[in-house]
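Down below is the structure, laid out as structure tokens.
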Number of protein chains: 2
Amino acid sequence: MTRELSRSGAGPGRQDILEAAAVAFTRNGYDATTIDDIADELHATKGRVYHYYRSKADIFLDVVSTGIRDLLAEIRPLAEADGDALARLARMVRRHAAMMMTRNAFQRVAVQAVEMRRLGQGPRYESLHDIVVMRDEYEQLFADVVAQGQREGTLRGTDPRLATKPVLGALNWITVWYDPDLAGDQVVDQIADEYAEFVVGGLRKGDR
Amino acid sequence: MTRELSRSGAGPGRQDILEAAAVAFTRNGYDATTIDDIADELHATKGRVYHYYRSKADIFLDVVSTGIRDLLAEIRPLAEADGDALARLARMVRRHAAMMMTRNAFQRVAVQAVEMRRLGQGPRYESLHDIVVMRDEYEQLFADVVAQGQREGTLRGTDPRLATKPVLGALNWITVWYDPDLAGDQVVDQIADEYAEFVVGGLRKGDR
DNA sequence: TCGGGCCGTCATACCGAGTAGTACGGTCAC
DNA sequence: GTGACCGTACTACTCGGTATGACGGCCCGA
């Protein structure tokens, strides 16, 4: 029976390319990854890759937007749930950290793209704008929760957008150091808990 | 009068190449930066660049090791100073954050290299090992201070190497989002203070 | 039932552009 | 005269992307 279509409108063939590309880009980054590298992941050749995608940049964009959309889909409900800001922030951080580990390839590539965007450059195409919009929207989820925590008197009063920077830096850096081949589920939970404790402690208003 | 020789044995010419390369690599990353890009920074051509450096990879390595050595030179004395662990940690974080902003180009490239290294790949040459050693040595500075804080009872008891990961992630991510063209010294201090407060709060043992 | 046509899939060969690096020669200061 | 410096022209190679053809499966008509 056929596999479920992914949200990028992919049949199984396109999805295969997407996942192979995520692995390849994770390894070498966009510029140093060749179409042959992606094809090699599937024991295929470039003809197969170009059957499903117009260009290398299109493949990269699809990997990145899939990663960011996955993250948004997981974190937005947590951000918008009921509950005090501290608890919601902890859950958002835990979930984000977990995804950096369990969706390592796609999230690693999404982080690579965020890093490219800061320089105003990346694969030379126009749709990078979508990535920027989603990243800003995502960052605002955290800033809004921080702002609410400040109104509740539980979080320190620094500029919420600034407060969000170290949080996302810490979380995104997981994709740099975490090796998914080495750890199990229990380790994922342990690390996610540590990150939640770190971030909440770092933003909480102290009474010392 | 001649400029001071840099520690890489550079005369002014070689230092010019180094600084131009730092800017160029910051903009586009190692793979997407050409030797022409570096030469363009100096309104020169490749002949000039190749007069001072054997290869593109050698230039990159020089930029990266300069960045990491600068950081080690600043942070190691703070790590090894007298004082309780909390205070030393705060100073280390503040100084690291400041350097991510004030030495943005070199530190950005050093961070790029760290990210490449995690994948076991990078510019295809052998001396990447030195970078790995310095990075681990650097990370251990933080881990040691965290361990001492745990012995003093002021920091939470998590594994010090794990505790260091979000710290360095937060700090290194500054090179991704901070634009040195937009801010002044006062902003640098404000952000550095925020990061110190965030990290110390995040690692401090809570009594709530 | 069989054969032909069509379509999706994918490998191969090729082209053009770009880039790392080299060789060489010119200029200038000492 | 020599050497440092550096620009120019060039080579070799890589890689993104294209064109083409083969193959297998499916469908339909005879």
Side-chain angles (χ1 to χ4, degrees), chain A residues 1-3 5-6 8-21 24-25 27-64 109 112 116 121-128, chain B residues 1-3 5-6 8-21 24-25 27-64 109 112 116 121-128:
Chain A
M1 83 187 43
T2 63
R3 283 183 261 173
L5 294 180
S6 80
S8 57
R14 193 175 163 95
Q15 186 65 21
D16 285 341
I17 305 297
L18 196 66
E19 293 174 7
F25 286 137
R27 186 179 301 128
N28 291 330
Y30 175 77
D31 298 293
T33 298
T34 67
I35 304 293
D36 278 326
D37 289 337
I38 297 171
D40 287 345
E41 287 293 325
L42 298 167
H43 304 101
T45 64
K46 289 194 292 188
R48 180 172 172 184
V49 176
Y50 280 105
H51 177 73
Y52 293 101
Y53 281 91
R54 174 184 307 182
S55 68
K56 181 182 175 184
D58 278 349
I59 303 169
F60 183 74
L61 179 62
D62 207 6
V63 174
V64 169
V109 178
Q112 285 171 353
M116 288 164 124
Q121 302 213 15
R124 276 93 172 148
Y125 58 88
E126 290 67 41
S127 303
L128 200 57
Chain B
M1 85 182 45
T2 64
R3 284 182 262 173
L5 296 180
S6 79
S8 57
R14 190 176 165 96
Q15 186 64 22
D16 285 342
I17 304 297
L18 196 66
E19 293 173 6
F25 286 136
R27 187 179 300 128
N28 290 331
Y30 175 76
D31 298 294
T33 297
T34 67
I35 302 294
D36 278 325
D37 289 336
I38 296 171
D40 287 345
E41 286 293 325
L42 298 166
H43 303 101
T45 63
K46 290 193 292 186
R48 181 172 171 183
V49 175
Y50 280 108
H51 178 72
Y52 293 101
Y53 282 92
R54 175 184 304 183
S55 69
K56 181 182 175 186
D58 277 349
I59 303 169
F60 182 74
L61 179 62
D62 208 7
V63 174
V64 170
V109 178
Q112 284 170 354
M116 289 163 126
Q121 303 211 14
R124 277 93 173 149
Y125 57 86
E126 291 67 40
S127 303
L128 202 56

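These values consider heavy atoms only, across backbone and side chains, with no hydrogens, waters or symmetry-generated copies. So that the names make sense, note that chain A is the first sequence line, chain B the second, and so on, each numbered from 1.
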Using whole Å, what does the distance between atom [atom2] of nucleotide [N] and atom [atom1] of [X] come to?
{"X": "B:Y30", "N": "C:dT19", "atom1": "OH", "atom2": "P", "result": "14 Å"}
{"X": "B:Y50", "N": "D:dT11", "atom1": "OH", "atom2": "P", "result": "17 Å"}
{"X": "A:R14", "N": "C:dG8", "atom1": "CZ", "atom2": "P", "result": "15 Å"}
{"X": "A:D58", "N": "D:dG17", "atom1": "CG", "atom2": "C1'", "result": "12 Å"}
{"X": "A:D31", "N": "C:dA20", "atom1": "CG", "atom2": "P", "result": "12 Å"}
{"X": "A:Y53", "N": "D:dT18", "atom1": "OH", "atom2": "P", "result": "16 Å"}
{"X": "A:D40", "N": "D:dC15", "atom1": "CG", "atom2": "P", "result": "11 Å"}
{"X": "A:K56", "N": "C:dA17", "atom1": "NZ", "atom2": "P", "result": "19 Å"}

Is the shortest distance from a Lys or Arg side-chain nitrogen in A:E41 or A:R27 to a carboxylate oxygen in the other one below 4.0 Å?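 Between A:R27 and A:E41 there is a salt bridge, with a charged N closer than 4.0 Å to a carboxylate O.
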Minimum-distance pair of heavy atoms, taken over all atoms of B:A21 and B:V63: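 Scanning both residues, the minimum pair turns out to be CB-CG2, 4.0 Å.
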Check A:Q112 against A:Y30 and note the closest heavy-atom contact, atom names and distance.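 Reported closest heavy-atom pair: OE1-N, 4.4 Å.
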Nearest 0.5 Å please: distance from the NZ atom of A:K46 over to the CG atom of A:D37.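 One gets 11.0 Å once the value is rounded to the nearest 0.5 Å.
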Distance check, rounded to the nearest 0.5 Å: B:Y53 atom OH versus B:I17 atom CD1?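 One finds 7.5 Å between OH of B:Y53 and CD1 of B:I17.
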Would you confirm whether B:K56, through its side chain, and B:T33, through its main-chain N or O, come within 3.5 Å as a donor-acceptor pair?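 A pair under 3.5 Å: yes.
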Whether each nucleotide of nucleotides 2-8 of chain D has a protein heavy atom under 4.0 Å at its base (B), only at its sugar-phosphate (S) or at neither (-) is summarised, 5' to 3', as --SBBBB
